[in-house]
A.B. asks: 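Before we start, here is the structure in question, set down as structure tokens.
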Amino acid sequence: MTSAAALTAATSEGGTAHLSAGVVGGFSLKLTFILFVSVVVVSMFTALITAPQGDEIAEFYLGNRTMSPLRNGLAMCGDYLSAATLLGSTGLVALTGYDGLLYLVGTSVAWVMVLLLIAEPLRNSGRFTLGDTLALRLPRSQRSVRLALAFCTLIITVLYLVAQLVGSVALLTQFVGQPDSTTRTLCVVAIGTLVVLYVALGGMPGATFIQIVKAVMLVVGVAVTAVMVLHRYRWNIDGLLGAAASGSGLGQRFLEPGLRYGASTTSKLDFFSLQIAIVLGLAALPHVMMRLLAPSATRVLRRSILWAMGLVGFVCLAAGVLGLGATALVGRDEIAGIDAKGDAAVLLLAQEIGGAVLTALISCLAFVTLLAVAAGLTLAAASSLAHDLYGEVIRKGQARQREELTVARLAAVVIGVLGILLALVSWGTNTATLAFLAFAIAASAILPTMVYSLFWRRFNARGALLSLYGGLVTSVLLVVCSPVVSSKAASFYPGADFAFFPLQNPGIVSVPAGFLLGWLGTVMSREPQDTETYENFEVRAVLGVDQPA
């Protein structure tokens, strides 16, 4: 029995086990709180002093455009990696071995999609939001297209924001056991309020600073922990794999496919559908794509993405090591007994190899990660509502900068409050379901629209509207009619059965549907082709027009 046995299980009402309140009720919990408050105070102070001082909306939306590629890359990495990578992915590796490692591959290769497909043309043709790119490409119908894009952006960001806020309670549960309603409310409101302050007061500069802090902490934290694991096995990867297979209780099966995704044809298709949503959806998330607009020059963007790709790849590699280390040193049954989803794996590993101090550091890192991702999401939603919906649709481009800046800050407050309320109502909801639905909508609605806009000469407004609304509706409808909602014991409504779609992840159907609807709307439209507009757009998107800092 390892020292992780000291982490006794406290079973919740739903039957899921969590860390006992006594484990982190002392030194570790206090140290976690002190570290988290210290990071928040420092980053909030920095956000205030770097916040836009005038009425320039460019600074609020894009921040400091003269940042180095390394800092831009760290900010991109911070926007991209959520707490699911640190907790969920590590736990998935710890419980499912090969299948969990395969899942991490999708997270690491998504940036290749960004680099090869959309990064440069999007940055060259955009201004503040994705709506600006579509407005430049489809000027005759820009108001309707901006409205549709703003609606999709709002749905995606709110879903992902709620997942982060609910995840903060789930993380708290790992320390104090099943929290009561007052504790849950305080946790969600505290995290949500901090998010609103970062965005409303600091704008992109404030969000960027917390993203950089989070990225540095994440890289250093997983690196130190992974080094400690590898050192335990004298840097022998075969020794680590053998110990993980032994600790899993499954032997060689742990290192072979099939523990989670390969048991049947349906599970294989579900995994493939999930990977489509991850690879294409993460590349099309509004807050990630908005970050691509920040660098002032194309060459800076290229180097920034290379940094981001390297950092994301390193974190995913380290997460795999941590997952295997948790199985080897703690044991698969021990992890599953404390948290059936495996989210406690990295905390149990930290307790095993680093004691209370490392556990507190990893815990603080997880909370900061939740906070940073939520801030990026809120900024993307507020920017789209203020710039696309209010500035361009309602005010028809006549809004003054101060007026639009005020609306952006108010929108951040509204989005934050909406996220808090939905998170409180959604307590008990599977956060992975909310996140993967957001990915699926992004991949099915936003990605087809952006790809067609950038690379298809004939693409028009009807195709854009059908792709945006059609991809959104298809994704939501398939999830509603899937085992996520009904027909299974773990469904929202286990007593009902209207799951005609057998997969939990809709990407395998909804993503092709989004592209098909965009094509169908375009070829069926009688709108005359505007060759001159596309040629001007193509020159700007391909050759690049460096915007002033």
Side-chain angles (χ1 to χ4, degrees), residues 28 31-32 35-36 38-39 43 68-94 100-101 103-105 107-111 171 209-241 243-244 304-330 342-373:
S28 292
L31 184 56
T32 300
L35 290 173
F36 180 69
S38 300
V39 172
S43 57
S68 66
L70 174 57
R71 292 172 63 192
N72 271 312
L74 285 168
M76 291 177 182
C77 176
D79 263 322
Y80 184 75
L81 293 176
S82 68
T85 305
L86 178 64
L87 301 178
S89 299
T90 304
L92 191 60
V93 173
L101 293 172
Y103 170 86
L104 279 172
V105 173
T107 304
S108 60
V109 302
W111 267 111
L171 180 58
F209 182 79
I210 188 63
Q211 296 293 5
I212 293 175
V213 170
K214 167 264 191 86
V216 172
M217 291 180 63
L218 184 61
V219 171
V220 173
V222 299
V224 169
T225 311
V227 166
M228 294 176 72
V229 170
L230 293 173
H231 180 70
R232 180 72 68 95
Y233 293 95
R234 299 181 180 180
W235 298 87
N236 187 335
I237 301 299
D238 287 340
L240 174 61
L241 291 173
S304 301
I305 291 180
L306 289 175
W307 272 110
M309 288 175 61
L311 293 168
V312 169
F314 174 79
V315 171
C316 290
L317 178 63
V321 173
L322 298 186
L324 294 173
T327 306
L329 296 172
V330 179
D343 289 346
V346 69
L347 301 177
L348 291 166
L349 174 65
Q351 177 74 16
E352 171 67 26
I353 64 176
V357 174
L358 185 59
T359 304
L361 290 172
I362 296 298
S363 305
C364 175
L365 172 57
F367 276 113
V368 172
T369 299
L370 286 166
L371 181 62
V373 173

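FYI, side chains are in, hydrogens and waters are out, and symmetry mates aren't considered; it's all heavy atoms of this structure.
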A.B. asks: Taking atom CG of L101 and atom CG of L324, what is their separation to the nearest 0.5 Å?
C.D. replies: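 Nearest 0.5 Å value for the CG-CG distance: 5.0 Å.
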A.B. asks: Measure the spacing between NZ of K214 and CZ of F367 and express it to the nearest 0.5 Å.
C.D. replies: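 Nearest 0.5 Å value for the NZ-CZ distance: 14.5 Å.
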A.B. asks: Any chance you could measure L240, atom CG, to R232, atom CZ, to the nearest 0.5 Å?
C.D. replies: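 With rounding to 0.5 Å, CG (L240) is 11.5 Å from CZ (R232).
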A.B. asks: What are the two closest heavy atoms between S304 and M76, and how far apart are they?
C.D. replies: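 Shortest heavy-atom separation between S304 and M76 comes out as CB-CE, 3.9 Å.
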A.B. asks: Less than 4.5 Å apart, any side-chain heavy atom of L230 and any of V321?
C.D. replies: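 Yes, side chains in contact.
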A.B. asks: Which heavy atom of A244 sits nearest to which heavy atom of T327, and what is that distance?
C.D. replies: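 Scanning both residues completely, I find the closest heavy atoms to be O-CG2, 3.3 Å.
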A.B. asks: Check whether any side-chain heavy atom of W307 sits under 4.5 Å from a side-chain heavy atom of N72, and report yes or no.
C.D. replies: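 Of all side-chain heavy-atom pairs linking N72 with W307, none is under 4.5 Å.
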A.B. asks: If you take all heavy atoms of A366 and L87, which pair is closest and at what distance?
C.D. replies: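 It is CB-CD1, 4.3 Å.
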A.B. asks: Please report the closest heavy-atom contact between C364 and V39, naming both atoms and the distance.
C.D. replies: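 In this case the closest contact between C364 and V39 is SG-CG2, 4.4 Å.
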A.B. asks: Give, for atom CG of L81 and atom CG of L86, the distance between the pair rounded to the nearest 0.5 Å.
C.D. replies: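 That separation rounds to 9.5 Å.
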A.B. asks: With sequence neighbours excluded, tell me which residues meet side-chain hydrogen bond (donor to acceptor under 3.5 Å, both in side chains) with D79.
C.D. replies: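 Testing D79 for side-chain hydrogen bond (donor to acceptor under 3.5 Å, both in side chains), a comparison that skips the adjacent residues, returns Q211, R291.
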A.B. asks: With A326, which residues qualify under side chain to side chain contact (heavy atoms under 4.5 Å, CB included), at least two apart?
C.D. replies: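 A326: side chain to side chain contact (heavy atoms under 4.5 Å, CB included) contacts with A94, I335, A345, L349.
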A.B. asks: State, to 0.1 Å, how close E352 and V330 come at their nearest heavy-atom pair, and which atoms those are.
C.D. replies: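 Result for this residue pair: CB-CG2, 4.3 Å.
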A.B. asks: Less than 4.5 Å apart, any side-chain heavy atom of V220 and any of V224?
C.D. replies: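 Side-chain contact under 4.5 Å: yes.
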A.B. asks: Atom CG in L358, atom OG1 in T225: separation rounded to 0.5 Å?
C.D. replies: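 Interatomic distance, L358 CG to T225 OG1, rounded to 0.5 Å: 4.5 Å.
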A.B. asks: Which distance, rounded to the nearest 0.5 Å, do you find between the CD of Q351 and the CG of L329?
C.D. replies: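 Interatomic distance, Q351 CD to L329 CG, rounded to 0.5 Å: 13.0 Å.
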A.B. asks: Between I362 and L347, which heavy-atom pair has the shortest distance, and what is it?
C.D. replies: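 So the minimum-distance heavy-atom pair works out to CG2-CD2, 3.9 Å.
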A.B. asks: Under a 4.5 Å cut-off applied to non-hydrogen side-chain atoms, are L361 and V357 in contact?
C.D. replies: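 When only atoms from C-beta onward are counted, V357 and L361 do touch, with a gap below 4.5 Å.
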